[in-house]
Structures are given as C-alpha cells and as structure tokens.
Amino acid sequence: MLIEIKNKKYIGQCNALSYVFYNSLFEKNIIDEIVKLRECFENLEKNIMTEESVQDIYNILTRVIYTLIYTHDTNIDSYENFLKEIQKQTISNETMNQVIEILLKNFTDEQVAQELDKIGGKSKEKSIFPEHEFLNTCLGLNLSIEDLKILRYIDVIKMLILMNKTIKENAPKDYREATQADIDKLLM
C-alpha cells in the first residue's frame, strides 16, 4: 500500500507480523490502541473532544503508519527520525482514513471478539509478553514467518479459535478417575 504524507510517499504493509512489530517497537498492544482510537472518535462524534484526545489520535496513527512502513522494510530510519520528518508534513484525512480502514480490516472482527469471549480463561488475562505469546501460538499452528507475511493478524486468531474448538470437540466427553479396581482389572 502507498502511504502519502504531503509530498512524501512511503510503502506500507500490514500482516500478522505488524502485530508483533507494533508491540516490540512501542511496547504497546495494537489492539488496546485500536480501542483507544475508537473511544477518541466516539468522543469526537459526541463533540466532547479534548486536546489530549486529538493528540492521542495523532500519536496512535503515526505509530501505526510507522509500523506499516516498518513491516514492509525493517531497515527504515528510527521512529524518532520518522516523526521529525512527518511533523514537517501534514497527514491528510484520506491517509488517516486509509490507515484506520487497514487497522479495522486486519485487527478487528466482531464475530472473532464474540468467540474469544466464549473461550474466556487465559485469554482474559493480560500477557506479560503478548507478541511472544502470539509468535508461540503461531509456531503451535505450524506457521512460519513467511506465512505471517501473508496472513492478517485476524486470520491467525480465527485459526486459533478453530483449533481450540477442534481440541474441545475431540476431548473425551465423560471420564472418571481410575480406581484401584480398574487398575487391578487391567493388570490381570
């Protein structure tokens, strides 16, 4: 995807690795950032926008834009230098809308959110190392880095949900602890 900021053009890419990169670059969870962004826009619609909310929107969007560019080319300049460069430029509404659309398409899905709520358990706990947990999960699904370059984050989560359902469906329905009598029968 082409990201234009005033007269400067960048190439961005969004895939499952973008989740990992965002967390490792900024020590922030991109999903939490999307929630915060949504809240800021809801406040904007209600005309209760503060200067802090406007700054939050700008900060989140610049971090996301940098991550998209970084996902395409990890050899780019530092975020601090990128910020200095784009502060001289204006981010157009079209670019902001495009970035928000990419975020929503790649990281959110109402049906997935409902399924994750059903799973509960550990998924409700905050992970200490979310990007590593995600990579570990991907390895458990036998996904490679090349796979993560093709798949969206939400696609990997859907695969995880399906794997979880398959495990539950194949688990024994009724079981009981073996008694000494059961063990004696097996040994005879």
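Keep in mind that what you see is a predicted model, and the values were worked out from it rather than measured.
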(message) Can you list everything that forms a side chain to side chain donor-acceptor pair (under 3.5 Å) with Thr67? Sequence neighbours excluded, please.
(response) none
(message) Just verifying a value: how many Å separate Asp155 CG and Asn106 CG, rounded to the nearest 0.5 Å?
(response) 8.0 Å
(request) Report the residues that fulfil salt bridge (Lys or Arg N to Asp or Glu O under 4.0 Å) with Asp77, sequence neighbours left out, ordered by chain and then residue number. (result) none
(request) Find the distance between CG (Leu37) and CD1 (Ile60) and round it off to the nearest 0.5 Å. (result) 5.0 Å
(request) Look up atom CD1 in Ile76 and atom CG in Asn81, then write down how far apart they are to the nearest 0.5 Å. (result) 10.5 Å
(message) With a 4.5 Å cut-off on side-chain heavy atoms, are Leu148 and Leu143 touching?
(response) yes
(message) Suppose we screen for side-chain contact (heavy atoms from CB on, under 4.5 Å). Which residues come up paired with Glu42, at least two apart in sequence or across chains?
(response) Arg38
(request) For Phe134, enumerate each residue passing the ring-ring contact (aromatic ring centres under 6.0 Å, His included) test, keeping only those at least two apart in sequence or located in another chain. (result) Tyr19, Tyr153
(request) Decide whether Phe107 and Val35 are clustered together by the hydrophobic rule: side chain heavy atoms of Ile, Leu, Val, Met, Phe, Trp, Tyr closer than 4.5 Å, transitively. (result) no
(request) Could I get the full list of side-chain contact (heavy atoms from CB on, under 4.5 Å) partners for Ile48, not counting sequence neighbours? (result) Asn43, Lys46
(request) Considering non-hydrogen atoms only, spot the tightest contact between Ile30 and Asn23 and give its length. (result) N-OD1, 3.4 Å
(request) Report the residues that fulfil ring-ring contact (aromatic ring centres under 6.0 Å, His included) with Phe82, sequence neighbours left out, ordered by chain and then residue number. (result) Tyr10, Tyr66
(request) Output the distance between atom CE (Met159) and atom CG (Leu151), rounded to the nearest 0.5 Å. (result) 6.0 Å
(message) Applying side-chain contact (heavy atoms from CB on, under 4.5 Å), can you list everything that pairs with Glu4, at least two apart in sequence or on another chain?
(response) Leu2, Lys9
(message) Suppose we screen for side chain to side chain donor-acceptor pair (under 3.5 Å). Which residues come up paired with Asn59, at least two apart in sequence or across chains?
(response) Gln55
(request) First locate atom CD1 of Ile69, then atom CD of Gln13, and finally report the distance between them rounded to the nearest 0.5 Å. (result) 12.0 Å
(request) Could you list all the side chain to side chain donor-acceptor pair (under 3.5 Å) pairs where at least one residue sits in residues 135-151, not counting sequence neighbours? (result) Ser144-Asp147, Glu146-Lys149
(request) List in chain and number order the residues that pass salt bridge (Lys or Arg N to Asp or Glu O under 4.0 Å) with Lys105, two or more places apart in sequence or in another chain; answer none if no residue qualifies. (result) none
(message) Distance check, rounded to the nearest 0.5 Å: Ile5 atom CD1 versus Met96 atom CE?
(response) 10.5 Å
(message) Could you tell me if the side chain of Leu44 sits less than 4.5 Å from the side chain of Ser53, heavy atoms only?
(response) no
(request) Would you indicate whether the side-chain heavy atoms of Val156 and Leu160 approach each other to under 4.5 Å? (result) no
(message) Can you confirm whether more than 12 heavy atoms, excluding those of Tyr58, are under 6.0 Å from its OH atom?
(response) yes
(request) Check the pair Glu39 / Asp56 against side-chain contact (heavy atoms from CB on, under 4.5 Å), numbers first and verdict last. (result) CA-CA 10 Å; Glu39 290 169 0; Asp56 284 343; over 6 Å; no
(request) Decide whether Val99 and Ile11 are clustered together by the hydrophobic rule: side chain heavy atoms of Ile, Leu, Val, Met, Phe, Trp, Tyr closer than 4.5 Å, transitively. (result) no
(request) With sequence neighbours excluded, tell me which residues meet ring-ring contact (aromatic ring centres under 6.0 Å, His included) with Phe26. (result) Tyr22, Tyr79
(message) Can you list everything that forms a side-chain contact (heavy atoms from CB on, under 4.5 Å) with Met1? Sequence neighbours excluded, please.
(response) Ile3, Leu68, Gln98, Ile102
